[in-house]
Protein chains: 2
Amino acid sequence: MALTEQVEKLKKYNFKITPQRLRVIEYINESPGHFTAEDVYKSVVKVEPSITVATVYNILRAVTMSGILTSFEANGTTWYETNLEKHANFVCLSCGKIEDVEIGCNDLGKSAEAKGFKVNNVDVIIRGYCRECLSKGLIPEITN
Amino acid sequence: MALTEQVEKLKKYNFKITPQRLRVIEYINESPGHFTAEDVYKSVVKVEPSITVATVYNILRAVTMSGILTSFEANGTTWYETNLEKHANFVCLSCGKIEDVEIGCNDLGKSAEAKGFKVNNVDVIIRGYCRECLSKGLIPEITN
DNA sequence: TTTCATCCTAAATTATGTCTAATTCATCTT
DNA sequence: AAGATGAATTAGACATAATTTAGGATGAAA
Ligand SMILES: [Mn+2]
Ligand SMILES: [Mn+2]
Ligand SMILES: [Zn+2]
Ligand SMILES: [Zn+2]
């Protein structure tokens, strides 16, 4: 998504365009896929030293509400990402890395809708060990 | 799962059978599907007043390691459940209720395995509004 | 220029645990 | 049945991380 489109989305929700919001959007546009509020703060504070964590949390809320970002929970924290497409997030149990993987099937929410629920979003979190950690041979074997 | 089988599973991992562990297992056997560590503590402390939160956390770890429980994250906390079958957890954005729903398709982890990852488990969290909350007409409409 | 959203500072809150060290007790060994 | 042994439990202070709040100052947009 281009910066101009992101700005338009904020305006659509009557969010003002502030320098702090632009710095956060610049961060997410250069970001490595998945990041936390702390990641955003640590990076943006370098170019905007007066910004605070409270502001970062406010901005992430506004940016998510505007449909620029999406979020999910893993490892006890909230992760944000710009990939709005349907996909699963693979979390490595060893190094913590998060990587996008495809979901082979459609209609994951179908059963919920069949039960009369209104489905807003579906999160798929896959946990396991990534190639790199596997090649290092550090996979804890379950002994029983 | 019957209590005797649960006890066998603990023994298999060399976990001792203590009154506290039995009280926790009794709780989960009568539990409403999904519960937190705090739920367990608040209930078990009534029949075992000396139990502490530290013990509950230790026991939940042992019980999960033994394959009696499984857990997932939602709404910023860890939820435990006895349903070890493949299913999705529906979380109501209004009342917070969690309910099991079926997953229509198999092999959600297939793409991750195709990428060379070892998949340990897959969590599917569906967020939306339950029937009861919908019938109360309290669904926040997104206005744009 | 006015106005109200936004930002800042700093502290509080919430959530989820962990730690220590003394005691107890489940299970094993004899 | 009576030790022995180490795992489990206890009390409750402490830890840590993630967020939220309050209230005054600032500034984006009309
Ligand atoms: Mn992703
Ligand atoms: Mn469930
Ligand atoms: Zn890894
Ligand atoms: Zn509901």
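Every heavy atom of this structure was used, including side-chain atoms; hydrogens, water molecules and symmetry mates were not. Just so we're on the same page: letters track the sequence lines, and every chain starts at 1.
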salt_bridge(A:Glu8, A:Lys12) N-O dist < 4.0 Å: no
Side chains of B:Asp39 and B:His34, donor plus acceptor under 3.5 Å: no
From CA spacing to verdict: side chain to side chain donor-acceptor pair (under 3.5 Å), A:Glu99, A:His87: CA-CA 10 Å; A:Glu99 201 163 319; A:His87 68 282; over 6 Å; no
Candidate nucleotides D:dT9, D:dT10, D:dA18, ranked by approach to the side chain of B:Ile51 - the nearest: D:dT10
For A:Tyr41 and D:dA17, give me the distance from atom OH to atom P, rounded to whole Å. 15 Å
How far apart are the C-alpha atoms of A:Lys136 and A:Glu132, what are their side-chain angles, what is the distance that settles it, and do they pass the salt bridge (Lys or Arg N to Asp or Glu O under 4.0 Å) test? CA-CA 6 Å; A:Lys136 287 174 192 158; A:Glu132 288 69 29; over 6 Å; no
Whole Å only: how far is the CH2 atom of B:Trp79 from the P atom of C:dG17? 13 Å
For A:Thr77 and B:Pro49, take the nucleotide of DNA chain D holding the closest heavy atom to each; which residue's nucleotide lies nearer the 5' end? B:Pro49
Spacing of B:Glu38 atom CD relative to C:dT14 atom P, expressed in whole Å: 12 Å
Output the rounded distance in Å from CZ (A:Arg21) to C1' (D:dA28). 11 Å
Distance, rounded to the nearest Å, where B:Arg61 contributes CZ and D:dA8 contributes C1': 13 Å
Could you tell me the separation between the OH atom of A:Tyr57 and the P atom of D:dA17, rounded to a whole number of Å? 12 Å
Less than 3.5 Å apart, any donor N or O on the side chain of A:Asn89 or A:Glu81 sitting next to an acceptor on the other? yes
Residue pair A:Val53/A:Ile59 against DNA chain C: nearer the 5' end by closest nucleotide is A:Ile59
Identify the pairs formed between an N or O of the protein and an N or O of nucleotides 26-30 of chain C at a distance under 3.5 Å, and give each distance.
{"unit_1": "C:dA26", "atom_1": "O3'", "unit_2": "B:Ile17", "atom_2": "O", "d": "3.3"}
{"unit_1": "C:dT27", "atom_1": "OP1", "unit_2": "B:Ile17", "atom_2": "N", "d": "2.9"}

Taking atom C1' of D:dG12 as reference, at what distance in whole Å does atom CG of B:Asn58 sit? 15 Å
What is the distance, rounded to the nearest whole Å, between atom CG of B:Leu60 and atom P of D:dA8? 15 Å
